[in-house]
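Just below is one structure, and these are the notes that go with it.
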Amino acid sequence: MNSISIAPGTAWPFAAIGAGVGLHLGFFIRGEHHMNGVKYMQIATLAFCGFAAALTRFYGVTLPSALLTTSSISGYMLLGTLSSTLAYRLLFHPLRRFPGPFGAQITSLWFSNHVYRNADAHKKSLELYKKYGTFVRVGSNDLMIVHPLAVPVVHGLQSKCRKASWYDEDWPRASIHTSRDHQFHHSRRRVWSQAFSDKALRGYENRIVSYNRALIDRLYEYGGQPVNAAKWFNYYSFDVMGDLAFGRDFDMLSSGQQHWAVGLLEEAMSIQGLKLPTWIFRMLVAVPGLTEKYWRFIHYCDEQLDLKIKGEKESENPDLMSTLLEDVGSQPSKQDMLTLRSDSRTIIVAGSDTTAATLSHIFWQLASHPEHIDLLRKELAPLASEDGTFEHQKIQHADHLNAIINETLRLNPVPPTAIVRKTPPEGIFVDGTFIPGNMHVWTPQYVIGRSEIAYERPYEFIPERWYSKPGMIKEKAGYAPFSTGPYGCIGRPLALMQLRLVIADCITKFDIGYPKGHDGSGFIDNVKDRFTWGLAELILCFRPRSGVEANESG
Ligand code: HEM
């Protein structure tokens with residue numbers, strides 16, 4: 001019988017370690033691998049079984065001994081790959097000269113490990129900035145840059161940075177938001193931009209106004225008693241976007257209940273709070289049952305879109321999806337359908353969570369700084385129509401109103417931290433510092449908004465810095481809560497219209513403040529960074545103002 005030995009003194013362990021090192025240096029160190037986690041596991045399992053089978057077949061080794069031998073060889077190979085990875089990341093990696101926590105230099109899981117319990121990546125990022133400065137290596141391949149001038153370099157129109165691997169989490173579903181193919185994105189962007197023309201926006205205004213009325217009515221029903229405002233802003237935003245995407249809302253404002261599909265989405269989004277590397281996320285998504293809720297929400301959106309295409313949810317007013325549907329004609333191809341489905345979900349996810357979170361933070365700021373409610377009333381009263389309602393066209397240039405929105409988004413931006421880009425192969429320069437190519441970089445708005453380099457008295461809520469005190473903004477380039485450049489928020493005009501109209505309506509109809517025993521800290525201390533904000537309870541009183549009726553016109 002042939003025998004095979006991996007006992008000390010034989011060459012096997014060294015050969016296996018060498019192969020492991022070779023695998024790292026010749027293969028893993030190059031290109032992107034985040035899409036292949038499952039495939040690599042399959043190949044490794046196949047190789048393991050094949051090698052063990054070959055040992056029994058050609059060397060006459062018993063099965064237990066073959067399995068033991070194969071495990072040992074695999075172990076040595078793994079040791080080689082891991083040692084090589086470790087040495088490379090610590091000693092030779094292009095980001096090695098940037099400061100950062102030791103663990104983060106070794107693995108991107110360091111960051112996940114520090115934020116997964118409380119989903120507080122925004123607080124952790126601020127803490128890291130305070131400790132390490134402008135450039136912080138937050139993962140083996142990841143650099144956080146807290147410099148206002150980094151924003152145009154990384155995100156601006158001329159930027160050569162592209163969307164990073166994070167956007168592949170849903171692949172092969174690729175929407176305008178998640179597509180990494182620059183050409184494809186560009187062509188989707190052209191189609192989408194028709195849905196946000198001035199004319200289209202005017203068409204949406206009536207729809208939005210009717211949801212504003214419904215929101216105001218619901219708040220009136222509390223008669224000034226404490227209410228979880230974040231919940232109602234959430235219902236409002238999802239209803240508006242459901243209507244604009246599918247021609248039908250989620251019925252949350254009228255029922256006062258969260259729609260089950262929205263509930264699923266909220267739960268599914270919590271996985272984003274873990275800030276996992278993409279390859280792990282994709283492997284989790286591939287495990288049957290583990291991300292079931294996420295897929296059920298996606299299927300719900302698919303069904304709503306199918307119904308709309310069949311004309312079963314025909315709406316009289318223009319909506320966003322109608323514009324996207326017009327582009328594909330009456331016989332959409334399979335690829336068209338995949339894109340439309342991804343886009344329909346993008347409308348809900350990108351348009352609802354963001355608006356709800358921004359409204360909640362705005363009203364948290366207003367309740368905490370009631371003097372600004374008075375200033376807003378002074379500014380807006382002359383702009384109201386005779387029946388006390390507001391037209392967007394008349395309030396869109398109101399200085400203080402816009403300043404309240406800007407200042408809130410400076411301090412409480414959504415997404416607060418990681419909008420990740422990949423640097424071009426030749427690298428980039430940020431204020432004279434070279435960032436090597438093919439690295440992941442992010443410029444957290446939450447932290448830049450608190451940076452002394454960009455703002456005077458950065459921690460204070462001073463809306464006037466956006467119009468009458470411009471000297472308080474030291475470097476405007478860093479302010480991009482809607483992002484900027486080719487991937488900047490295409491829904492910005494719609495979002496601003498909603499925000500302006502809801503603020504104007506609410507401060508006109510209600511006195512807004514905290515009930516006894518509340519100061520807003522329960523909200524701001526508990527919001528979660530899960531790409532967008534996971535909202536906490538925001539307990540406010542909306543006391544109807546004397547002499548102002550709910551929906552006087554309606
Ligand atoms: C206050 C509300 C909003 C804020 C703060 C906001 C912010 C942002 C930001 C920062 C991005 C860039 C994200 C990234 O690069 O990964 C973005 C992208 C996007 N937003 Fe918004 N957004 C808001 C509302 C909306 C609304 C109402 C819509 C309407 C559907 C919308 C649709 C989109 C889309 C489609 C993208 C992807 C654009 C692209 O990649 O070309 N957003 N938004």
Side-chain angles (χ1 to χ4, degrees), residues 151 154-157 159 161-170 174-193 195-196 200-201 204 207-208 211 233-234 236-246 272 319-321 323-324 339 342-362 402 404-406 408-422 441-446 448-449 479-503 531-533:
V151 174
V154 171
H155 299 278
L157 262 186
S159 175
C161 295
R162 294 288 175 256
K163 289 185 172 178
S165 56
W166 178 84
Y167 292 86
D168 278 332
E169 285 187 348
D170 281 350
S175 70
I176 180 176
H177 181 224
T178 57
S179 170
R180 296 178 73 200
D181 178 332
H182 199 54
Q183 268 320 100
F184 175 82
H185 172 265
H186 186 66
S187 67
R188 290 310 293 159
R189 187 96 189 175
R190 260 203 348 246
V191 178
W192 270 68
S193 58
F196 290 100
L201 280 174
Y204 307 146
R207 268 172 127 104
I208 286 171
Y211 286 102
F233 291 141
N234 191 268
Y236 161 82
S237 308
F238 272 93
D239 270 355
V240 171
M241 284 301 143
D243 193 356
L244 289 180
F246 308 126
Q272 293 291 353
D319 59 46
L320 262 165
M321 189 43 80
T323 313
L324 305 189
T339 306
S342 308
D343 278 355
S344 73
R345 190 169 52 90
T346 293
I347 296 175
I348 304 292
V349 178
S352 309
D353 258 4
T354 45
T355 307
T358 306
L359 279 172
S360 301
H361 281 100
I362 286 172
N402 287 330
I404 294 283
I405 296 171
N406 286 348
T408 304
L409 284 172
R410 177 180 74 82
L411 286 166
N412 314 100
V414 49
T417 48
I419 296 181
V420 191
R421 297 288 180 259
K422 185 175 172 181
V441 288
W442 39 287
T443 55
Q445 281 290 302
Y446 182 87
I448 293 179
Y479 182 73
F482 290 95
S483 194
T484 175
Y487 308 124
C489 178
I490 200 163
R492 182 173 179 268
L494 175 63
L496 288 174
M497 178 162 80
Q498 280 184 272
L499 298 176
R500 291 181 186 123
L501 287 169
V502 172
I503 299 171
F531 187 63
T532 55
W533 290 114

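Remember, it's 1-based here, ligands and their atoms both numbered in the order they're listed.
In terms of modelled atom types and a separation under 3.5 Å, the side chain of Lys163 and the main chain of Asp168 share no donor-acceptor contact.
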Provide, line by line, the atom pairs where ligand 1 and the protein bring an N/O atom each to a distance under 3.5 Å; else say none.
{"residue": "ligand 1", "atom": "15 (O)", "partner": "Tyr167", "partner atom": "OH", "Å": "3.3"}
{"residue": "ligand 1", "atom": "15 (O)", "partner": "Arg421", "partner atom": "NH2", "Å": "2.8"}
{"residue": "ligand 1", "atom": "16 (O)", "partner": "Tyr167", "partner atom": "OH", "Å": "2.6"}
{"residue": "ligand 1", "atom": "16 (O)", "partner": "His177", "partner atom": "NE2", "Å": "2.7"}
{"residue": "ligand 1", "atom": "40 (O)", "partner": "Lys163", "partner atom": "NZ", "Å": "2.7"}
{"residue": "ligand 1", "atom": "40 (O)", "partner": "Ile176", "partner atom": "O", "Å": "3.4"}
{"residue": "ligand 1", "atom": "40 (O)", "partner": "His185", "partner atom": "NE2", "Å": "3.4"}
{"residue": "ligand 1", "atom": "41 (O)", "partner": "His185", "partner atom": "NE2", "Å": "2.6"}
{"residue": "ligand 1", "atom": "41 (O)", "partner": "Arg189", "partner atom": "NH1", "Å": "2.6"}
{"residue": "ligand 1", "atom": "42 (N)", "partner": "Ala350", "partner atom": "O", "Å": "3.4"}

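The ring pair (Phe, Tyr, Trp, His ring centres under 6.0 Å) with Tyr487 is formed by just one residue from the set His185, His186, His155; it is His185.
For Tyr479 against Asn406, the heavy-atom pair with the smallest separation is OH-O, 2.8 Å. Nearest approach of Leu409 to Pro413, heavy atoms of both residues: O-CB, 3.1 Å. Nearest approach of Ala195 to Ala200, heavy atoms of both residues: O-CB, 3.5 Å.
Between Tyr167 and His177, the distance from one ring center to the other falls under 6.0 angstrom.
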